[in-house]
Amino acid sequence: MVSSLQPKALNIRESKIVHKSLTLHQLVRFVTEEAVCLMFKISFKDIYTVECWRYVVYIHAKGVSKFVSYADFPPIVGVQPPRRSDLIKWRRRWRKQHDYAYKKQAPNWWAQFFTQEFLQATSESELYSWGELVGLITYAFAKDTLHQLRKSYCQEKSLLCI
């Protein structure tokens with residue numbers, strides 16, 4: 001826990017995201033390397049390229065060669081916030097991902113993604129923005145998962161205020 005008391009540094013690296021279409025998908029703004037790493041349980045250095053095509057995202061990494069939906073990526077801070085149409089696309093995608101129709105929740109790794117973003121927040125305002133974003137999509141998480149996210153948020157908030 002001592003390491004989390006040290007100042008957080010910005011990690012600047014070359015983007016591996018390549019746009020292959022002149023027409024951008026409306027969810028392209030949420031495609032990140034961090035999400036790809038969590039989605040496929042790989043490290044950043046294992047990603048060769050993330051190609052954003054018109055309707056799908058192609059992930060080429062060490063041991064991974066897959067097309068995924070734009071609706072697989074969680075929302076992020078720093079771009080236009082999710083619109084109602086985005087929320088509908090996510091719910092439709094989650095319903096297709098599960099065998100039973102009533103399961104309309106985000107994949108488990110989304111919670112890991114947001115927890116990681118809470119940890120990487122460099123200021124209280126950035127952390128607040130991430131918390132606000134999670135607040136917009138609370139329906140996407142089970143109650144216990146949402147409780148864990150709130151706990152992680154509060155813990156990081158207390159560390160940033162010191």
Taking every non-hydrogen atom, the tightest pair across Ala140 and Trp94: CB-CH2, 3.4 Å

Classify the ring geometry between His60 and Tyr48 as parallel (under 30°), tilted (30 to 60°) or perpendicular (over 60°). tilted

Audit row: Cys52, Ile17, side-chain contact (heavy atoms from CB on, under 4.5 Å) steps and yes/no: CA-CA 7 Å; Cys52 296; Ile17 298 174; 3.8 Å; yes

Distance-only, no hydrogens or angles: does the Glu33 side chain make a donor-acceptor pair with backbone N or O of Lys16 under 3.5 Å? yes

Looking only at side chains, do Ser123 and Ser125 share a donor and an acceptor under 3.5 Å apart? yes

Are Ile47 and Cys37 packed together at the side-chain level, in the sense that at least one heavy-atom pair is separated by less than 4.5 angstrom? yes

Locate the shortest heavy-atom distance separating Phe30 from Val79; write the atom from each residue and the value. CE2-CG2, 3.7 Å

What is the ring orientation for Phe113 with Trp109, classed by angle as parallel under 30°, tilted 30 to 60°, or perpendicular over 60°? perpendicular

Quick check: closest heavy atoms across Asp86 and Pro81, and the distance to 0.1 Å? OD2-O, 4.4 Å

Using 0.5 Å steps for rounding, measure from the CH2 atom of Trp90 to the CG atom of Asp72. 11.5 Å

Give, for atom CD of Gln112 and atom CD of Gln148, the distance between the pair rounded to the nearest 0.5 Å. 11.5 Å

Give me the atom names and distance for the closest heavy-atom approach of Pro74 to Ala35. CD-CB, 4.0 Å

Looking at Phe40, I'd like to know if the NZ or CZ of Lys62 sits under 6.0 Å from its six-membered ring centre while staying within 45 degrees of the ring's axis. no

Evaluate the side-chain contact (heavy atoms from CB on, under 4.5 Å) criterion for residues Arg93 and Leu27: first the C-alpha distance (whole Å), next the side-chain angles of each, then the deciding distance (0.1 Å), finally the verdict. CA-CA 13 Å; Arg93 178 68 179 170; Leu27 294 175; over 6 Å; no

Testing the 3.5 Å rule here: is there a donor-acceptor pair between the side chains of Arg29 and Gln26? no

Does any non-hydrogen side-chain atom of His25 lie less than 4.5 Å from one of Arg54? no

Answer yes or no: does atom CZ of Arg83 have more than 12 heavy-atom neighbours from other residues, nucleotides or ligands under 6.0 Å? yes

Please test Arg91 against Tyr139 for side-chain contact (heavy atoms from CB on, under 4.5 Å), starting from the C-alpha separation and ending with a verdict. CA-CA 10 Å; Arg91 287 190 123 172; Tyr139 70 89; 3.5 Å; yes

Quick one: are Leu133 and Pro82 in side-chain contact, heavy atoms under 4.5 Å? yes

In Å, rounded to the nearest 0.5 Å, how long is the span from OG of Ser21 to CH2 of Trp53? 8.0 Å

For a quick test of reading the model, state the closest non-hydrogen atom pair linking Glu156 to Leu127 and the distance between them. C-CD2, 3.7 Å

Main-chain N/O of Tyr128 paired to Glu132 side chain as donor or acceptor, under 3.5 Å: no

Give the ring-plane orientation class for Tyr58 versus Phe67, where under 30° counts as parallel, over 60° as perpendicular and anything between as tilted. tilted

Mind listing the closest non-hydrogen atom pair of Pro75 and Ile137 along with its distance? CG-CD1, 3.9 Å

Could you tell me if the side chain of Val18 sits less than 4.5 Å from the side chain of Val50, heavy atoms only? no

Working to the nearest 0.5 Å, report the span between OG of Ser69 and NZ of Lys89. 9.5 Å

Gap between atom CD1 of Ile42 and atom CD1 of Ile59 - 0.5 Å precision: 8.0 Å

Apply the test side-chain contact (heavy atoms from CB on, under 4.5 Å) to residues Tyr153 and Val134: give CA-CA distance (whole Å), side-chain angles for both, the deciding distance (0.1 Å), then the verdict. CA-CA 10 Å; Tyr153 174 83; Val134 170; over 6 Å; no

Is Lys66 close to Val36 at the side-chain level, that is, under 4.5 Å between some pair of heavy atoms? no

Report yes if the distance between the aromatic ring centroids of Phe73 and Trp110 is under 6.0 Å, otherwise no. no

Value for CG (Leu149) from OG1 (Thr115), rounded to nearest 0.5 Å, stands at 4.5 Å

